[in-house]
Each structure stands twice: as C-alpha cells, then as structure tokens.
Amino acid sequence: MIVEPYNLEWPRWFLRLQTFVYRNLVGTYYAVEHVGGTAVPGLWAKPIIDVDVVLREGKFANAKGRLVAAGYEYQGDQGIPGRESFRLADAGLKAALPEHHLYVLDADAEELRRHRAFRDFLRAHPDWVERLSAHKREVAARAGDDRQAYQDGKAPMVEEILALAMKEAAPA
C-alpha cells in the first residue's frame, strides 16, 4: 500500500535529516522544517519525509553547491516557482538516511506559506486529519501501486484543505 498509519518514528527521521542539513548548510538558512503528511500526528501518509530548507537571502547558489557536494542532485523547481527540489543521488547516503524530499525555498516563497499552512491547519484540526486519512486509504486501495493515480485521487481533498488552511492562516 502507498500510505501507512502515522509512525512515531517519522519525527525522529526528520531530526536525522535536519541534523544532516544543519551540518552541510551552515550559514545559508533560517530554518529547516518538517512539512507534508509525515509532519502531522495521526495522519496516514507515504513514509517519505518532506523537508523545507528556508534560505537566507542570496544564499541559493551557495546552498545548491553544498547540497550537490553532499550527494544531492539538483532537480529545478519542477514546475513550482519558488521551490527548488533536490534528490539524494549518493547511494551510501540513500542507505544511511530516511527516504525524503528536500526543497529549498526563500523565506517569502508562496509555496512555503502553503506547506506551513497545510501542516499547521491539520495539526490544529484532528477532524480533518481523520477525514483525510480515510480518504487516503480509500484512494490508495483503488490506486494499488500507481502513485500518479493516488496523487490524482487525493488531490481534490488536499486542495479543499489547503484552501481552508490558507484562509485560516491569512492575516486578519
């Protein structure tokens, strides 16, 4: 199955990744944040940690060079402006670190606001965690191992939650 029940190890996995980023990107970031489904207690999710590195102004080239030197491959913004994606390419690190997606974003990036709003909304609304978990299980059962079908199937509810989250996060 594509998704699994919330795992109490996920926050520890994130801490391992955060420590790795801290060591390799000293002086380039404001924050290293756990976002996505694994950052929400109780939420069913794919066991892949989403990491947002919030960069200091003008530090992208430096951070990119350091990440490549550390074993990542730069993958561009993958169609999402303001969010630069990196994939772990080093085989030894792949075996040593939890599976993850690593993104670097500017502090004012809209995608960072979306990631935070989604995570924080779900953390504050356990009823939505239950609804989304049930929806993910249904979609995963239909999709089997087809990750794209899973993504497409869960997208309408994720967008609904994101709209609520952005509204709630908007300044009054």
Side-chain angles (χ1 to χ4, degrees), residues 1-78 80 82-109 111-126 128-129 132-133 136-137 140 145 147 150-151 154 158 161-162 165 169:
M1 182 178 262
I2 293 173
V3 295
E4 60 185 55
Y6 181 78
N7 184 333
L8 293 173
E9 289 297 312
W10 291 341
R12 285 187 269 283
W13 293 0
F14 168 72
L15 289 175
R16 287 177 51 209
L17 294 165
Q18 186 182 48
T19 299
F20 181 80
V21 171
Y22 283 168
R23 275 195 313 254
N24 286 282
L25 293 182
V26 171
T28 65
Y29 59 85
Y30 288 119
V32 179
E33 298 191 28
H34 188 185
V35 296
T38 61
V40 179
L43 184 63
W44 281 58
K46 293 179 299 214
I48 302 170
I49 308 298
D50 290 320
V51 179
D52 279 357
V53 179
V54 184
L55 290 181
R56 294 183 181 277
E57 292 83 6
K59 295 294 185 179
F60 177 72
N62 187 312
K64 177 183 173 186
R66 290 186 191 186
L67 286 169
V68 169
Y72 285 87
E73 176 185 350
Y74 175 58
Q75 298 195 296
D77 70 7
Q78 297 185 322
I80 301 176
R83 184 200 78 177
E84 303 298 326
S85 180
F86 290 82
R87 180 181 69 82
L88 195 54
D90 181 89
L93 282 177
K94 277 185 179 182
L97 293 173
E99 189 172 356
H100 63 285
H101 297 136
L102 183 81
Y103 305 108
V104 297
L105 307 99
D106 289 331
D108 63 352
E111 193 63 14
L112 177 61
R113 279 188 358 97
R114 291 167 48 92
H115 286 179
R116 287 172 168 166
F118 185 80
R119 175 198 63 203
D120 296 347
F121 180 86
L122 286 171
R123 285 177 173 174
H125 296 278
W128 276 103
V129 172
L132 182 56
S133 290
K136 286 179 162 191
R137 288 191 302 270
D145 290 332
R147 285 188 179 227
Y150 170 75
Q151 289 296 111
K154 76 172 185 165
V158 168
I161 293 168
L162 186 54

>> Checking Arg147 now: which residues fulfil salt bridge (charged side-chain N to carboxylate O under 4.0 Å, His left out) with it, not counting sequence neighbours?
In response: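 Arg147 satisfies salt bridge (charged side-chain N to carboxylate O under 4.0 Å, His left out) with no other residue.
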>> Run the salt bridge (charged side-chain N to carboxylate O under 4.0 Å, His left out) test against Arg114 and tell me which residues pass, sequence neighbours left out.
In response: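 Per chain and number, Arg114 pairs via salt bridge (charged side-chain N to carboxylate O under 4.0 Å, His left out) with Glu111.
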> Could you state the interatomic distance from CG (Leu55) to CG (Asn62), rounded to the nearest 0.5 Å?
Replying inline: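 CG of Asn62 is found 9.5 Å from CG of Leu55.
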> Can you tell me how far CZ of Phe14 sits from CG of Asp50, rounded to the nearest 0.5 angstrom?
Replying inline: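 Answer for the CG-CZ pair, Asp50 versus Phe14, is 10.5 Å.
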Donor-acceptor pairs under 3.5 Å, side chain of residues 67-75 to any protein atom, not counting sequence neighbours: which ones?
unit_1	atom_1	unit_2	atom_2	d
Tyr72	OH	His100	NE2	2.7
Glu73	OE1	Arg87	NH2	2.3
Tyr74	OH	Glu84	OE1	2.4

> With sequence neighbours left out, what residues match Asp90 under side chain to side chain contact (heavy atoms under 4.5 Å, CB included)?
Replying inline: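 Scan of Asp90 (side chain to side chain contact (heavy atoms under 4.5 Å, CB included), adjacent residues dropped) gives Leu93.
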>> Just to verify, what does Arg113 make a side-chain hydrogen bond (donor to acceptor under 3.5 Å, both in side chains) with, not counting sequence neighbours?
In response: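 Testing Arg113 for side-chain hydrogen bond (donor to acceptor under 3.5 Å, both in side chains), a comparison that skips the adjacent residues, returns Glu110.
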>> My understanding is that only residues two or more places apart in sequence, or in another chain, count here; which of them pass side-chain hydrogen bond (donor to acceptor under 3.5 Å, both in side chains) with Ser85?
In response: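 side-chain hydrogen bond (donor to acceptor under 3.5 Å, both in side chains) check on Ser85 returns Gln78.
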Test your reading of the model: is there a side-chain donor-acceptor pair from [X] to the backbone of [Y], 3.5 Å cut-off?
X: Asn7; Y: Glu9; result: yes
X: Arg56; Y: Tyr29; result: yes
X: Arg16; Y: Ala96; result: yes

> Tell me, do Asp77 and Arg83 make a side-chain contact under 4.5 Å, heavy atoms counted?
Replying inline: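 The answer is no; the side chains never approach within 4.5 Å.
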> Is there side-chain contact between Val21 and Leu102, with heavy atoms separated by less than 4.5 Å?
Replying inline: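 Side chain of Val21 against side chain of Leu102, heavy atoms only: contact under 4.5 Å found.
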